[in-house]
There are 2 protein chains.
Amino acid sequence: MTGAAAERAEGDTGPRLDDLIEAERDIVARFDDVGLEVDFGALSVVSNIYRAASAIRRHMEQSVLGPEQLSWTAFVTLWVLWIWGEMEARHLAAEAGVTKGTLTGVLDTLERRGLVARRRHDDDRRLLSAGLTASGEELIRRLYPRFNAQEARIAALLSQDGRDAFASGLRELVRGLPLEDPS
Amino acid sequence: MTGAAAERAEGDTGPRLDDLIEAERDIVARFDDVGLEVDFGALSVVSNIYRAASAIRRHMEQSVLGPEQLSWTAFVTLWVLWIWGEMEARHLAAEAGVTKGTLTGVLDTLERRGLVARRRHDDDRRLLSAGLTASGEELIRRLYPRFNAQEARIAALLSQDGRDAFASGLRELVRGLPLEDPS
DNA sequence: TATTGTTATACTCTATAACTATA
DNA sequence: TATAGTTATAGAGTATAACAATA
């Protein structure tokens, strides 16, 4: 036995092979051949998070957002404004997870559709806030229950007892990211 | 399934408020105001997966991929070819998680840099395979250990006992997605 | 000088669909 | 007819950097 399997001393649980996705079993085997030491558990966590996130975004765009002609980012922007109320642009960009340049374009689109309104600040005229219009609020109130219903279907893929531990793990990751630059 | 609070029978632990990220506490409070029933656990899982995935991709692009002038997708493509060997284009696209149109462009770029080579099949001339060149293999062999070291730093954010349960949960999601279309 | 939002450039990726060459 | 890969179009997003207005 070579590679990852060989490192596993007795008592070390390691990743249970029968829990792995088929592709992961092949990868473990391939790394044995390649002869490089690899933290397979870490590989698995990172690549599967990315796969899950991509699949979720695609599902939401097709099932809920597409019919309303909303991009994922436009939806998140509306949602943030709904939950938090009117916000200054740079905070809104951070919360929606986009750059300020992207936010300008998203706000242009949403404003053109009458869903949000920009407002210049009188005290500091560099600042801009954005908030939902009545029409924007109507839209997100109507749309979010459908979005959340899909979220519920996705979360239902998790076994009942693992779900809380899973949510906790996610929070540990989100709290710890981004990592400091030094490798 | 209805609001998270409503589902919680006695003895059911539910999400512990002190485990939530600060922003999540505010969201729970806001939904109480808004007066809509929301599956908060599902909301939390989906939004945090997406946050984590975005942060991870950005971190990798800056710390490991940027200096090598590789996009995330280009890196994944090289990695897949390294692990699985020469592959037909449509399988490579599926494995890398991109459309065939995107793969054409990625292969153009990687081929121009001499990292992969296309090969037409003689038996069925519609088919195309791609494989690493010696230079491409040298690159990924040198690069992946650094990538995996960052994956390990990220996985280290997870508490030791939660890590296996977390990885299992991820696999449940990846296995179950994409969801069937019917809402 | 520093900051906010806007604009511009160049690139990556997406979905959709037409196109070619094969089969 | 159907399939594989390419090409084309339009849109969304990124990073980076320059810019105008304001502080």
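Worth knowing before you read on, the calculation uses all heavy atoms, side chains too, and leaves out hydrogens, waters and symmetry mates. Predicted, not measured: the structure shown is a model, and the values here were computed from it. To find a chain, count down the sequence lines: A is the first, B the second, and so on, and within it residues start at 1.
- A distance of 8.0 Å separates CG of L177(A) from NE2 of H59(B), quoted to the nearest 0.5 Å.
- Between W72(A) and F147(A), the ring-plane angle classifies as tilted under the 30° and 60° cut-offs.
- Residue T102(A) is classed as a base contact, given a heavy-atom separation below 4.0 Å to a base.
- In this structure, K100(B) atom NZ and dT16(C) atom C1' are separated by 11 Å, rounded to whole Å.
- The side-chain contact (heavy atoms from CB on, under 4.5 Å) check on V98(B) picks up T73(B), A93(B), A96(B), T102(B), L103(B), with sequence neighbours excluded.
- Taken from CZ in R141(A) to CH2 in W82(A), the straight-line distance is 6.5 Å, to the nearest 0.5 Å.
- Taking every heavy atom of residues 69-76 of chain A and every atom of DNA chain C, no pair lies under 4.0 Å.
- Between R120(B) atom CZ and dT20(C) atom P the separation is 15 Å, expressed in whole Å.
- Looking at heavy-atom distances under 4.0 Å, G97(B) makes contact with sugar-phosphate atoms alone, never a base.
- The phosphate of dT6(D) has OP1 or OP2 within less than 4.0 Å of a side-chain N or O from R118(B).
- When the C1' atoms of four end pairs are superposed on the next four at each end of the helix from dT1(C)-dA23(D) to dA23(C)-dT1(D), using five pairs per end, the two resulting axes differ in direction by 10°, to 10°.
- Rounded to an integer number of Å, the gap from CZ of R90(B) to P of dA2(D) is 17 Å.
- Of the candidate nucleotides dT22(D), dG5(D), dC13(C), dC13(C) has the atom lying nearest to any side-chain atom of V106(B).
- In this structure, H91(A) atom NE2 and dG5(C) atom P are separated by 8 Å, rounded to whole Å.
- Rounded to whole angstrom, the span from the CG atom of D122(A) across to the P atom of dA21(D) amounts to 18 Å.
- Both D123(A) and D124(B) sit near DNA chain D, but only D124(B) has its closest nucleotide nearer the 5' end.
- Between dA4(D) and R125(B), no contact under 4.0 Å exists linking OP1 or OP2 to a side-chain N or O.
- Checking the phosphate oxygens (OP1, OP2) of dG13(D), a side-chain nitrogen or oxygen of R57(A) falls inside 4.0 Å.
- Aromatic ring pairs are classed by plane angle as parallel below 30°, tilted from 30° to 60° and perpendicular above 60°; the pair Y144(B) and F31(A) is parallel.
- Between the NE2 atom of H59(A) and the P atom of dT14(C) there is a distance of 18 Å, given to the nearest Å.
- Side-chain contact annotation: S44(A) with R171(B), donor-acceptor N/O pair under 3.5 Å present.
- One N or O donor and one acceptor, one from the side chain of R126(B) and one from the base of dT3(D), sit under 3.5 Å apart.
- Taking atom NE2 of residue H121(A) and atom P of nucleotide dT4(C), one finds them 12 Å apart after rounding to whole Å.
- When distances are taken from the side chain of T104(A) to each of dT7(C), dT4(C), dA15(D), the shortest belongs to dT7(C).
- Summarising the geometry, atom CD1 belonging to I27(A) is positioned 6.5 Å from atom CD1 belonging to I83(B); distances are rounded to the nearest 0.5 Å.
- One interatomic measurement links the two molecules: CD of Q62(B) to P of dT16(D), which rounds to 7 Å at whole-angstrom precision.
- With values rounded to the nearest 0.5 angstrom, E138(B) atom CD is found 9.5 Å from L115(B) atom CG.
- Heavy atoms only, all atoms of each residue included: E88(B) and S129(B) are closest at CG-OG, 3.5 Å.
- Using a cutoff of 4.0 Å between basic side-chain nitrogens and carboxylate oxygens, R118(A) and D108(A) are scored as salt-bridged.
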